[in-house]
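Okay, structure first, notes after.
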Amino acid sequence: MGSLETVSLRLQSALSLTQDFVDLTQSFLYAMWNGLLLLTALAASTSVLPGQNGIPMVAGQYLLGLGVGDVTGPIVETNLMGYASLEQNGRGLHMRQRSRAYIVADGSAPNNRIVFINAGLYNDQNIAFVGTHSHAGVGGYLENLLPQITSLGYVKQTADAIVDGTVLAVQRAHASIAPGRLSVGSTNIVDGNINRSPIAYLANPAEERARYQYDTDKELTLLRFDDDNGNARGFLSFFPVHGTSLYINNTLVSTDNKGMAAFLYENSVEPDSMPGNATFVAGFAQANVGDTTPNTLGAFCHSPGKAWHGQPCDPLRATCGDTVTDCQGRGPGFQISDFESNRIIGELQFRGAQRIMESQGRVPVHGAVRSAHAYMAMDKHRFTLPNGTTVSTCSAALGFSFAGGTTDGPGAFDFTQGTNSSQPRNVFWDIVKGAVTPTPSAEQIRCHHPKPILLNSGAAHVPYDWTANTVSVQILRAGNFVMLIMPGELSTMAGRRIREALRNTLISSGILGSDANVVVAGPANTYAHYVTTREEYQIQRYEGASTVFGPFTLEAYIDKYSSMVPFLADNASGTPPSDAAPPEQTSKAISLQTGVVFDAAPIGKKFGDVLQNVNSTPYRAGDKVAAQFVGANPRNNLRLEGTFLTVDRLVAGQWRTVRSDSHPSTIFEWVRTNTVLGFSTVTISWTIETGTPAGTYRLSYFGNSKPLIGSISSFSGVSGSFTIV
Ligand SMILES: *[C@@H]1O[C@H](CO)[C@@H](O)[C@H](O)[C@H]1NC(C)=O
Ligand SMILES: *[C@@H]1O[C@H](CO)[C@@H](O)[C@H](O)[C@H]1NC(C)=O
Ligand SMILES: *[C@@H]1O[C@H](CO)[C@@H](O)[C@H](O)[C@H]1NC(C)=O
Ligand SMILES: *[C@@H]1O[C@H](CO)[C@@H](O)[C@H](O)[C@H]1NC(C)=O
Ligand SMILES: *[C@@H]1O[C@H](CO)[C@@H](O)[C@H](O)[C@H]1NC(C)=O
């Protein structure tokens, strides 16, 4: 049975809602199955909200629902998604990944609704072969082959966790639907990002650049969700910054800076709730993220002993003495660690969102809820430019600079960025790419010019499709707030162009007035790599090399999205013309990851026994307290919606949980110490936050072990108690 059918069956039993809602959610998941980050869809049926049609609604009211679900896949022995580094396999947990679902229904026509899912699969998504989108999330869930290479193929346990957690988030959002209001505001976060390919940005026309103060967008736009009494229930925000605060050498599963921002916000509203269990939902989505980096101090050479050690990298090719591997962007906390940089970039977004939430300057959102979706075959899509010339996109291909990586995560094979065909090539790649992707035709080479083709991926279908040639295009409208749901990562200027073009079209067609607010969200629905402007494409930095459908990719999207605008009108009916849906891939998926063989405890010990205890001397804020236990493989049970550890505090003779494995102050690490005998250890640590009350505490471990014969069973262990003074 194909995975889609499995998902469908699971949804039907899980949701026990109307068939329409099942279809709706299934369409999200279909999209997700195609490798999505932001998952969206619309239901337009009459029975979706039984019992809620009778609620008397007044003008400006919407029906709103918000929910969160845990989507953390296997945290050990699985490749992390984004940097495409074979060595970057999980060995523990920093923070859990979550999906956050938002439902907006028209108060006067509740069957018109949109669902926006901001999934904690950061940045990741774009998982590229030797790419640079880092992330610290669990990999293997994307459907196409190229992003699966480092995770040894498709990892069903990861995909299942994403589907189950996302269904749960949508169910929770659906169950919470109640009348309320929306308002929108924005603020600038000047220190939250910089451009990692400023030389490409400079290729844009001077008069266009003169309209903007910065070479990245600094604006965070926020859609606030209120209940009927004006109390905030949560928000959805949009700000462009890559999830590459945590470096390529990080091996703890985490959420990077967006998930940190969500944690900081939700925890500030409900400090006593465990992460993921707050009722307030804080969503931090990506905008035109393509050329942004959170490593705001710039890129420097880490080449001890070399003359250029500590110097900025070469600005065009991101090299240090002709190699990319030593060039690394530095975040604001670099003197401490990448985790500190991650916290700072997360906190900047949290504070920005808080300014808007507390501001009187937000304006109410008003108007109908609509959406439009289509599939678009980007393989040789012909269309007419505004100047009347007919042009075409190309079948997907990645250029040489793609393999160079970026200053957020250098490529492993020593390609450099800004590479034109005249420059020397990596011989290994010339051999490998011939073996793995078909040689491009003369027409394909011409179509992508000046991009020298490294991987002719759109033509590679063996054993299954390497990259998508058909993408999902979608627009969601919540009144005068319009979200362009994009299947790739748009560069700063590409995002500005499409937002401006669509806003103008929405206004000139009479659908929205001058208070129209248009944001870009992506990568969503399909992972279709990058989208730069045609001018940036000429420079062939990483982002240009990863603009897979050729120089006219952005113009093609602007043309298609503009053509969908009439379907957003209040009285619109029908759906936009669509190409065929992309072929399903998952049933053909190869998975080389092996399962857990077995776990055992050394003679005289049992699972959960303490091997190294906490100190008996008192701890203070800032100290790290740790204990080591006889462990078992955490892949035996992902403990979704639960935790592998707790920090407990003794209050009036009772142990009360005060931290979980998703607090950034706790770390869970697992080590297989003897493969033959099945032994392993777990180390739990907690860095005590300033303000932690004095008292008696302990660390607890929750695990599941797999015997050689028989079924998996649960166990727990506790450290000795310790005091904080
Ligand atoms: C990761 O690399 C950075 C420098 O690039 C270094 O400062 C840091 O200590 C490394 N982290 C680990 C966990 O090795
Ligand atoms: C989550 O919150 C609910 C109440 O809102 C509570 O009953 C439940 O125990 C909490 N779960 C955890 C894991 O803290
Ligand atoms: C229209 O614009 C394209 C892209 O800049 C250019 O190649 C073409 O020559 C232009 N056509 C006309 C008629 O100006
Ligand atoms: C690559 O070629 C384009 C046009 O062919 C040129 O404008 C650009 O400067 C070249 N880049 C490099 C790094 O040589
Ligand atoms: C929708 O309404 C506009 C004016 O409000 C009208 O011009 C247009 O013809 C209507 N379209 C449909 C499909 O009814």
Side-chain angles (χ1 to χ4, degrees), residues 76 80 82-83 85 87-94 132 134-136 196 203-205 207-208 244-254 256 293-306 308-313 318-320 323-344 381-394 405-412 446-450 493-494 497 501 532-538 547 549-559 624 664 667-671 683 685 687:
V76 301
L80 303 190
Y83 287 118
S85 162
E87 281 113 73
Q88 195 191 10
N89 293 321
R91 52 173 196 92
L93 181 63
H94 174 233
T132 154
S134 111
H135 63 120
R196 69 184 185 190
N204 292 308
E207 58 282 11
E208 183 182 35
T244 46
S245 286
L246 299 180
Y247 287 165
I248 196 167
N249 59 0
N250 166 52
T251 50
L252 297 174
V253 168
S254 188
D256 216 280
T293 173
N295 293 316
T296 50
L297 300 187
F300 292 84
C301 298
H302 186 78
S303 318
K306 299 282 168 52
W308 51 84
H309 178 59
Q311 300 295 309
C313 313
T319 48
C320 297
T323 165
V324 293
T325 47
D326 293 349
C327 177
Q328 174 67 60
R330 287 178 180 172
F334 98 98
Q335 274 166 323
I336 299 174
S337 69
D338 51 345
F339 279 79
E340 176 61 6
S341 296
N342 184 55
R343 189 196 63 74
I344 294 170
H381 172 81
R382 286 179 71 76
F383 66 103
T384 306
L385 292 172
N387 73 4
T389 299
T390 298
V391 293
S392 170
T393 56
C394 330
T406 72
T407 52
D408 290 331
R446 191 165 8 92
C447 190
H448 282 275
H449 182 81
M493 198 62 98
R497 286 187 192 173
T532 63
T533 66
R534 196 146 33 84
E535 295 86 346
E536 292 162 352
Y537 185 88
Q538 307 304 312
T547 295
F549 303 118
F552 292 106
T553 303
L554 173 63
E555 284 84 353
Y557 285 140
I558 292 176
D559 181 65
K624 183 156 135 181
I667 300 284
F668 178 87
E669 290 164 285
W670 176 81
V671 180
T683 303
S685 61
T687 304

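No hydrogens, no waters, no symmetry mates; every other heavy atom, side chains included, goes into these values. In this chain, numbering begins with 1 at the start of the sequence shown. As the structure lists them, so they are numbered: ligands from 1, and atoms in each ligand from 1.
Using modelled atom types and a 3.5 Å distance limit, the side chains of Ser254 and His94 yield a donor-acceptor pair.
The two residues Asp338 and Asn249 make their nearest non-hydrogen contact at OD2-OD1, 4.2 Å.
Within ligand 1, the atoms closer than 4.0 Å to a non-hydrogen atom of Asn249 are 1 (C), 2 (O), 3 (C), 8 (C), 10 (C), 11 (N), 12 (C), 14 (O), numbered from 1 in the order shown.
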Quick one, Cys320 with Cys327, criterion disulfide bond (SG atoms under 2.5 Å apart). Give me CA distance, side-chain angles, the key distance, then yes/no.
CA-CA 6 Å; Cys320 297; Cys327 177; 4.8 Å; no

Start with the C-alpha gap between His302 and Phe300, add the side-chain angles, then the distance that decides, and say whether ring pair (Phe, Tyr, Trp, His ring centres under 6.0 Å) holds.
CA-CA 6 Å; His302 186 78; Phe300 292 84; over 10 Å; no

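You'll find the side chain of Tyr537 stays beyond 4.5 Å of the side chain of Thr553, heavy atoms only.
Asn204 contributes no side-chain N or O that, together with a main-chain N or O of Met493, makes up a donor-acceptor pair within less than 3.5 Å.
Atom OG1 of Thr687 and atom CD1 of Ile667 lie 7.0 Å apart (nearest 0.5 Å).
Near ligand 3, residues Leu385, Asn387, Thr389, Arg534 come within 4.0 angstrom through at least one heavy atom.
Of the N or O atoms in Gln328, none lie within a sub-3.5 Å distance of an N or O in ligand 1.
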